[in-house]
Undergrad: 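Quick one: this structure, given as structure tokens, is what I'll be asking you about.
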Number of protein chains: 2
Amino acid sequence: MRERLLAVATELFAERGFHGTSLQAVAEAVGIRKPSLLYHFPSKDALRDAVLDTMLGHWRADIAAVLARSRVRDQLTDVLAAMVAYFSEAPQRARLLLREALDNRVGLEARFRQHLEPWTGLLAEHIRRGQTHGVVREDVHPEAFILQMIVLGVGFVALSDLGDAVVAGAPHADANLHEILRIARTSLYRPRPAED
Amino acid sequence: MRERLLAVATELFAERGFHGTSLQAVAEAVGIRKPSLLYHFPSKDALRDAVLDTMLGHWRADIAAVLARSRVRDQLTDVLAAMVAYFSEAPQRARLLLREALDNRVGLEARFRQHLEPWTGLLAEHIRRGQTHGVVREDVHPEAFILQMIVLGVGFVALSDLGDAVVAGAPHADANLHEILRIARTSLYRPRPAED
DNA sequence: CCTACCGATCGGTAGG
DNA sequence: CCTACCGATCGGTAGG
């Protein structure tokens, strides 16, 4: 039951926001009464915390798996692609993250530090190594680059269905994903001799 | 008074969200009573509409001015820089936009179409012209590129104070802005012969 | 622009 | 896991 509540709460918080979702709505969606929900999670804030921790925990595990199996040269774009894939398979995750970044900055920051900093540190170090080997452009700012790629990946998934309205040509999701990876690759790696 | 209400409502909607902001809070912040607010704006939704229209109207005017005075070669990165500058001078604008993209998709889409489509069309055409002249990379997808740059610019400003938590190095705002422009430039334009 | 007031819904508790 | 209930606050109206 706890897991069903978490799944439904994730969905509703992502779609309508924390303040736009009542405990009543969550309880109703899983078929129990509100006070029963409050037996599993002692308050609405406790429910939010559990939702967030569960999601970031999954993300961390996902990224660790990609880092472990990816070849070094492709590691960075692989991680970006994995990130977009992770969020695309359930876009509510990206929306939830964006919402929490706006609604619950301090809470999200603490969790980011705890769950994500280990591997962003790895990636930054990786970029620096690529720079000394001449594979990565010298003018890349490692930390800033990683941050922008996260913004781009999360933002892309969360806002992808807005695309049609913003630009007339209405690129579909594939084109957008392809373009993100192209932007990342081109702005990160030095052109190889054969290219261009 | 109408303008003061709009300014305060923009601020509060951006910071706490539409559902997290009560009419009582808006009225109190400008020193009137709630029913008096409802004399100026007949409902909370009408207030939201007015806030959004005002902001997007300003943005459109801002972009038009930049397009008018910018040189052709730099037009795209100039627009991006102007966009980041516009949002940076009042980050609440970026947060408000992100929130509305999540909370009020259809309403925002309609306004985007109305306010922004004219100039995104211009920019896409501009990219295509750059491609036939060999200045812009052939593999750039114009519409997708523009969309990603908007996501990046808005997302960067709205989420910039999260940077410290995500990556250890804590790049400050200047480094992030510099990195965004570098990413845009590198992934858009073909390298000139002298470069690299 | 105000006071006074409305029904509905909010998060949460008591008690079983 | 439930019924019954709490005070507080919500958006909005009546009437001046």
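A note on names: the letters A, B, ... follow the listed sequences, proteins ahead of strands, and every chain is numbered from 1. Owing to the predicted nature of the structure, the values given are computational and were not obtained by experimental measurement.
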Undergrad: From CZ of A:Arg33 over to C1' of C:dG12, roughly how many Å is that when rounded to an integer?
TA: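 Distance, rounded to whole Å: 17 Å.
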Undergrad: To the nearest angstrom, how far is A:Phe18 atom CZ from C:dC10 atom C1'?
TA: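 These atoms are roughly 12 Å apart.
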Undergrad: Looking only at non-hydrogen atoms, find the nearest pair between B:Val140 and B:Val136 and report the distance.
TA: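 Shortest heavy-atom contact: CG2-CG1, 4.1 Å.
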Undergrad: Consider the side chain of B:Pro35, meaning its heavy atoms from C-beta on, and name the nucleotide among D:dG12, C:dC1, C:dA4 that approaches it most closely.
TA: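 Closest nucleotide to the B:Pro35 side chain: C:dA4.
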Undergrad: For C:dG16, which nucleotide is its Watson-Crick or G-U wobble mate, given both distances must be under 3.5 Å?
TA: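 Across all strands, the one nucleotide that pairs with C:dG16 is D:dC1.
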Undergrad: Mapping A:Gln24 and B:Leu37 onto DNA chain C by nearest heavy atom, which one lands closer to the 5' end?
TA: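 Upstream on the strand: B:Leu37.
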Undergrad: Roughly, in whole Å, what's the span from CZ in B:Phe41 to C1' in D:dG11?
TA: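 Rounded to the whole Å, the gap is 16 Å.
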Undergrad: Taking N and O atoms by type only, does the side chain of B:Lys44 place a donor or acceptor under 3.5 Å from a partner on the base of D:dG12?
TA: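 No, no donor-acceptor pair under 3.5 Å.
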Undergrad: Grab the CG-C1' distance between B:Leu23 and C:dT9 for me, whole Å please.
TA: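 My rounded result for the distance is 15 Å.
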Undergrad: From the set D:dT13, C:dC1, D:dC2, return the single nucleotide nearest to any side-chain atom of B:Leu38.
TA: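 Of D:dT13, C:dC1, D:dC2, D:dT13 is nearest to the side chain of B:Leu38.
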Undergrad: Report which part of the nucleic acid B:Ile32 touches: base, sugar-phosphate, or nothing (heavy-atom distance under 4.0 Å, all strands).
TA: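 Here B:Ile32 touches the backbone only, sparing every base.
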Undergrad: To the nearest angstrom, how far is A:Arg48 atom CZ from C:dG11 atom P?
TA: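 Going from CZ in A:Arg48 over to P in C:dG11 covers 12 Å.
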Undergrad: Do any N or O atoms from the side chain of A:Gln92 and from the backbone of A:Ala14 form a donor-acceptor pair under 3.5 angstrom?
TA: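 Not a single qualifying donor-acceptor pair exists.
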Undergrad: Nearest-Å distance, NZ (B:Lys34) to C1' (C:dC6)?
TA: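 From B:Lys34 NZ to C:dC6 C1': 10 Å.
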Undergrad: Measure from NE2 on B:His19 to C1' on D:dG11 and round the result to the nearest Å.
TA: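 From B:His19 NE2 to D:dG11 C1': 13 Å.
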Undergrad: Should A:Arg99 and A:Glu15 count as an ion pair when the cut-off is N to O under 4.0 Å?
TA: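 Between A:Glu15 and A:Arg99 there is no salt bridge, as every charged N stays at least 4.0 Å from the carboxylate O atoms.
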Undergrad: Test your reading of the model: is there a side-chain donor-acceptor pair from A:Arg4 to the backbone of A:Val30, 3.5 Å cut-off?
TA: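 Side chain of A:Arg4 to backbone of A:Val30, a donor-acceptor pair under 3.5 Å: yes, one is there.
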Undergrad: Evaluate the side-chain proximity of A:Thr132 to A:Arg128: yes if any heavy-atom separation is below 4.5 Å, no if none is.
TA: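 No - every pair of side-chain heavy atoms lies 4.5 Å or more apart.
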Undergrad: Give the nucleotide from the list D:dC10, D:dC1, C:dC1 with an atom nearest to the side chain of B:Ser36.
TA: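 So the side chain of B:Ser36 is nearest to C:dC1.
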Undergrad: Quickly work out the B:Met1 CE to C:dC1 C1' distance and round it to whole Å.
TA: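 About 9 Å, once rounded to whole Å.
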Undergrad: Of the nucleotides C:dG11, C:dC1, D:dC1, which has the atom closest to the A:Ser22 side chain?
TA: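 Of all the options, the side chain of A:Ser22 is nearest to C:dG11.
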